[in-house]
Amino acid sequence: MLRVLVSLSRTQSFSRTAEQLRITRPVVRHAVHGVDAVIGVPLILRERNSATPGRRVSDY
């Protein structure tokens, strides 16, 4: 999961992250949702054409 989050924060794209890590986009999405569920806040802001790091957990 950590590799997915690091790659996603760098590429800001679910598709490019999946391509880089040689996994599918649903696997990327599932990893992000899993982390969000565990910590209770969204780490990645999902927009139509990008995925950017959200606010820090300490900001909540």
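Nearest heavy-atom pair, Pro42 versus Asp36, reported as atom, atom and distance to 0.1 Å: CA-OD1, 3.4 Å.
By the rule that hydrophobic residues join a cluster once side-chain heavy atoms approach within less than 4.5 Å of another member, Val35 and Val41 end up as members of one cluster. Cluster membership for Ile39 and Met1, using ILVMFWY side-chain heavy atoms within less than 4.5 angstrom, is shared. Residues Val4 and Val27 share a hydrophobic cluster, clusters being chains of Ile/Leu/Val/Met/Phe/Trp/Tyr side chains in contact below 4.5 Å.
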Distance-only donor-acceptor pairs under 3.5 Å for side chains of residues 12-23, two or more places apart:
residue, atom, partner, partner atom, Å
Ser13, OG, Ser15, N, 3.3
Ser13, OG, Arg16, N, 3.1
Arg16, NH2, Thr11, O, 2.7
Thr17, OG1, Leu8, N, 3.4
Thr17, OG1, Thr11, OG1, 2.8
Thr17, OG1, Ser13, O, 2.9
Gln20, OE1, Ser7, OG, 2.7

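By the neighbour-count criterion of 12 heavy atoms within 6.0 Å, atom NE2 of His33 is densely surrounded, having more than that number from other residues, nucleotides or ligands.
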